[in-house]
Q: 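Input: one structure, supplied below.
All figures in this text were calculated on a predicted structure; none of them were measured in a lab. So you know, we letter chains A, B, ... as the sequences are listed, proteins then strands, and number each from 1. Excluded from the calculations below are hydrogen atoms, water molecules and symmetry mates; all remaining heavy atoms, backbone and side chain alike, are included.
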2 protein chains.
Amino acid sequence: MANQVEREIFESYVRRNGGRVTPERLRLFDEIFSQHGHIDADRLYRAIRQDRKISRATVYRNLELLVDCGLVRRQRLGQRRYLYEHVHPGQAHDHLVCRVCDRVVEFMSPAISALQREIARAHGFDPAEHTLKISGICVGCASETEVAATGPSHRRSALRSTLS
Amino acid sequence: MANQVEREIFESYVRRNGGRVTPERLRLFDEIFSQHGHIDADRLYRAIRQDRKISRATVYRNLELLVDCGLVRRQRLGQRRYLYEHVHPGQAHDHLVCRVCDRVVEFMSPAISALQREIARAHGFDPAEHTLKISGICVGCASETEVAATGPSHRRSALRSTLS
DNA sequence: TCGTTATTGAGACTGATTCTCAATAGAGAC
DNA sequence: GTCTCTATTGAGAATCAGTCTCAATAACGA
Ligand SMILES: [Mn+2]
Ligand SMILES: [Mn+2]
Ligand SMILES: [Zn+2]
Ligand SMILES: [Zn+2]
């Protein structure tokens with residue numbers, strides 16, 4: 001089976017800390033490692049619900065566990081909820097997020113990673129995780145806006161504009 | 001008065017968009033430009049409440065306005081709420097956040113900023129804002145933990161440890 | 001000064017996440 | 001396999017930051 005190594009890591013992490021290997025934990029592990037890309041807690045909950053009973057609380061609790069043992073990354077890419085993705089060691093990457101269509105593009109920059117480590121070191125910081133999110137307008141939305149040419153953008157302004 | 005330039009920018013932004021310059025808006029502007037560092041909406045609300053009546057909704061609405069016109073930056077540095085800080089143009093900076101004591105250290109890296117612009121360009125992204133947050137253990141908390149040497153860290157584990 | 005309409009205040013509402021606690025079930029000992 | 005201990009679960013309540021509603025107020029151009 002795929003993800004054998006990660007599964008080992010998970011189970012041994014749980015046992016090493018006096019925890020128990022439960023079907024709920026394994027099911028969540030399988031779900032998040034079968035998905036690919038970013039997914040929120042509720043979608044994981046509903047996906048698992050398809051074939052077994054599980055509670056939301058259990059999903060949240062065990063996502064925390066997966067994050068703690070370094071197999072899953074939790075980030076706020078949108079405004080509201082956290083998104084989760086499983087981690088491939090040595091494949092650190094960051095995100096471009098379009099503020100119009102919410103699409104996420106991943107990129108990898110060893111140069112930025114190195115600079116980050118350097119900065120943390122210079123400040124006596126022991127870095128555990130990082131988030132680099134660049135939000136803006138993606139190429140698709142830029143051209144759409146150009147064509148439509150309908151004012152400032154999709155984002156509702158904080159000022160109640162006169163346009164009805 | 002200080003912040004004259006920024007105040008100009010704010011008022012003209014508001015008027016240009018058919019908005020009105022209200023005492024609540026000016027008071028919030030003054031508050032966030034008098035503060036220095038990161039502050040949450042509730043603290044701004046309470047600070048303004050000291051000497052004038054204002055509602056929470058008004059604080060939130062007008063913070064959004066200040067963010068929109070580029071005078072204020074809103075970021076999630078902790079887990080829960082947004083933190084706001086006024087922006088000094090051309091002084092882009094990023095953050096190291098200690099996950100034990102929540103202290104925030106700012107740093108500036110023109111090299112990282114340049115790389116970010118380069119990456120956005122390479123993906124046809126028009127970048128509007130960015131967040132780079134490195135979270136870890138600050139030098140103070142590292143030495144404390146070393147002295148205490150009491151297990152994994154302050155962070156409660158998702159596993160109910162046997163220690164009472 | 002007047003009229004239009006953007007803004008405000010109070011409180012209801014939302015929604016993601018966390019908490020509570022009784023019932024359940026891993027897993028080590030025998 | 002059975003027993004025991006206690007970590008984990010499920011269901012729903014609670015939390016909490018932030019957003020929305022709508023009637024009353026007040027900018028500001030005419
Ligand atoms: Mn990703
Ligand atoms: Mn800052
Ligand atoms: Zn887009
Ligand atoms: Zn610290």
Side-chain angles (χ1 to χ4, degrees), chain A residues 10-29 38-46 48-49 52-68 72 74-84 155-164, chain B residues 10-29 38-46 48-49 52-68 72 74-84 155-164:
Chain A
F10 185 39
E11 294 199 20
S12 73
Y13 176 87
V14 168
R15 288 199 229 274
R16 184 167 359 109
N17 289 89
R20 292 167 186 180
V21 175
T22 66
E24 291 82 5
R25 283 181 176 164
L26 296 178
R27 186 67 184 73
L28 178 65
F29 174 94
H38 306 90
I39 185 165
D40 65 58
D42 194 60
R43 273 166 50 100
L44 287 164
Y45 166 73
R46 281 182 285 117
I48 296 172
R49 267 285 167 130
R52 87 176 333 279
K53 184 162 66 63
I54 196 167
S55 91
R56 272 199 175 73
T58 297
V59 171
Y60 279 105
R61 285 186 290 235
N62 291 324
L63 279 171
E64 188 187 343
L65 196 55
L66 285 161
V67 169
D68 285 353
V72 164
R74 180 179 85 155
Q75 272 171 300
R76 285 192 196 269
L77 296 178
Q79 304 288 293
R80 294 193 107 64
R81 47 201 140 180
Y82 283 109
L83 293 180
Y84 298 82
R155 284 165 55 84
R156 179 187 42 41
S157 160
L159 289 164
R160 178 189 294 188
S161 140
T162 316
L163 337 162
S164 77
Chain B
F10 185 38
E11 292 198 21
S12 73
Y13 176 87
V14 168
R15 288 200 230 273
R16 183 167 359 110
N17 289 89
R20 293 167 184 182
V21 176
T22 65
E24 291 82 4
R25 283 181 176 164
L26 296 178
R27 184 67 183 74
L28 177 66
F29 174 94
H38 307 90
I39 185 165
D40 64 58
D42 193 60
R43 274 165 50 98
L44 287 164
Y45 166 71
R46 283 182 283 119
I48 296 172
R49 266 287 167 126
R52 87 177 333 280
K53 183 161 67 60
I54 196 168
S55 92
R56 256 178 243 280
T58 297
V59 171
Y60 279 107
R61 285 186 290 236
N62 290 324
L63 278 171
E64 187 186 343
L65 196 55
L66 285 161
V67 170
D68 284 354
V72 165
R74 179 180 86 155
Q75 271 172 301
R76 285 192 196 269
L77 296 178
Q79 303 289 292
R80 297 192 105 66
R81 49 201 140 180
Y82 284 109
L83 292 180
Y84 299 83
R155 284 165 54 85
R156 177 186 47 37
S157 158
L159 289 164
R160 178 190 295 187
S161 141
T162 316
L163 336 164
S164 76

Q: The side chain of B:Thr22 is closest to which nucleotide in this list: C:dT8, C:dT18, C:dG9?
A: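 Selected nucleotide (nearest to the side chain): C:dT8.
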Q: Please state whether the phosphate of C:dT8, meaning OP1 or OP2, lies under 4.0 angstrom from any side-chain nitrogen or oxygen of B:Ser55.
A: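 Looking at the OP1 and OP2 atoms of C:dT8, neither is under 4.0 Å from any side-chain N or O of B:Ser55.
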Q: Mapping B:Thr58 and A:Ala57 to their closest nucleotides on DNA chain C, which lands nearer the 5' end?
A: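 The 5'-side residue here is B:Thr58.
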Q: Nearest whole Å is fine: how far is C:dA6 P from B:Asn17 CG?
A: 12 Å
Q: Could you check how far CD1 of A:Ile54 sits from C1' of D:dG12, rounded to whole Å?
A: 16 Å
Q: Taking A:Arg56 for the side chain and A:Ala41 for the main chain, is one N or O donor matched with an acceptor at less than 3.5 Å?
A: no
Q: Under 3.5 Å, is there an N or O donor on one side and an acceptor on the other linking the side chain of B:Arg61 and the base of C:dT7?
A: no
Q: To the nearest angstrom, how far is B:Asn62 atom CG from C:dT8 atom C1'?
A: 9 Å
Q: In terms of side-chain heavy atoms of A:Arg15, which of D:dT9, C:dA27, C:dA10 is nearest?
A: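 Closest nucleotide to the A:Arg15 side chain: C:dA27.
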Q: List the steps, then state whether side-chain contact (heavy atoms from CB on, under 4.5 Å) holds for B:Leu77 with B:His38.
A: CA-CA 9 Å; B:Leu77 296 178; B:His38 307 90; 3.7 Å; yes
Q: When you measure from the side chain of A:Lys53, which nucleotide among D:dA11, D:dT19, D:dT9 comes out closest?
A: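 Among D:dA11, D:dT19, D:dT9, the one nearest the side chain of A:Lys53 is D:dA11.
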Q: Walk me through it: do B:Glu11 and B:Arg25 pass the test salt bridge (Lys or Arg N to Asp or Glu O under 4.0 Å)?
A: CA-CA 9 Å; B:Glu11 292 198 21; B:Arg25 283 181 176 164; over 6 Å; no
Q: I need the CZ-P distance between A:Arg25 and C:dA25, as an integer number of Å.
A: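 The distance from CZ of A:Arg25 to P of C:dA25 comes to 15 Å, rounded to the nearest Å.
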Q: Let's test your reading of the model: under 3.5 Å, does the base of C:dG11 pair with the side chain of B:Arg56 as donor and acceptor?
A: no
Q: Round to a whole Å and report the spacing from CD of A:Glu24 to P of C:dA23.
A: 18 Å
Q: Look at the side chain of B:Arg80 and decide which nucleotide, out of D:dG10, D:dC16, C:dA6, has an atom nearest to it.
A: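 Looking only at heavy atoms from C-beta outward on B:Arg80, the closest nucleotide is D:dC16.
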Q: Check every atom of C:dG9, C:dT4, D:dT8 against the side chain of B:Leu159 and return the nucleotide holding the closest atom.
A: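 The listed nucleotide nearest to B:Leu159's side chain is D:dT8.
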Q: Between D:dG10, D:dT19, C:dG9, which one does the side chain of B:Arg74 approach most closely?
A: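 Closest of the options to the side chain of B:Arg74: D:dT19.
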Q: Between the main-chain N or O of A:Lys53 and the side-chain N or O of A:Arg49, is there a donor-acceptor pair closer than 3.5 Å?
A: no
Q: Output the rounded distance in Å from CD (B:Glu64) to C1' (D:dT19).
A: 10 Å
Q: A:Tyr60 has a side chain; which of C:dT17, D:dT19, C:dT7 sits nearest to it?
A: C:dT17
Q: Classify the side chain of B:Arg81 and the base of D:dA17 as holding, or not holding, a donor-acceptor pair under 3.5 Å.
A: no
Q: Looking only at side-chain N and O atoms, does A:Arg15 offer a donor or acceptor that is under 3.5 Å from a partner on A:Ser12?
A: no
Q: Apply side-chain contact (heavy atoms from CB on, under 4.5 Å) to the pair A:Arg74 and A:Leu63, showing each step before the final yes or no.
A: CA-CA 9 Å; A:Arg74 180 179 85 155; A:Leu63 279 171; over 6 Å; no
Q: Quick one: which of C:dT18, C:dG26, D:dG18 gets closest to the side chain of B:Ala41?
A: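 Per side-chain heavy atoms of B:Ala41, the pick is D:dG18.
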Q: Picking from D:dG12, C:dA10, D:dT9, which would you name as closest to the side chain of B:Arg49?
A: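 Closest nucleotide among those given: C:dA10.
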Q: DNA chain D: B:Pro23 or B:Asp40, which has the more 5' nearest nucleotide?
A: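 First, find each residue's nearest nucleotide; the 5'-ward one identifies B:Asp40.
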Q: Here's a test of your reading of the structure: between B:Gly19 and B:Tyr82, which maps to the more 5' nucleotide of DNA chain D?
A: B:Tyr82
Q: Looking only at side-chain atoms of A:Arg20, point me to the closest of C:dA27, C:dT7, C:dA10.
A: C:dA27
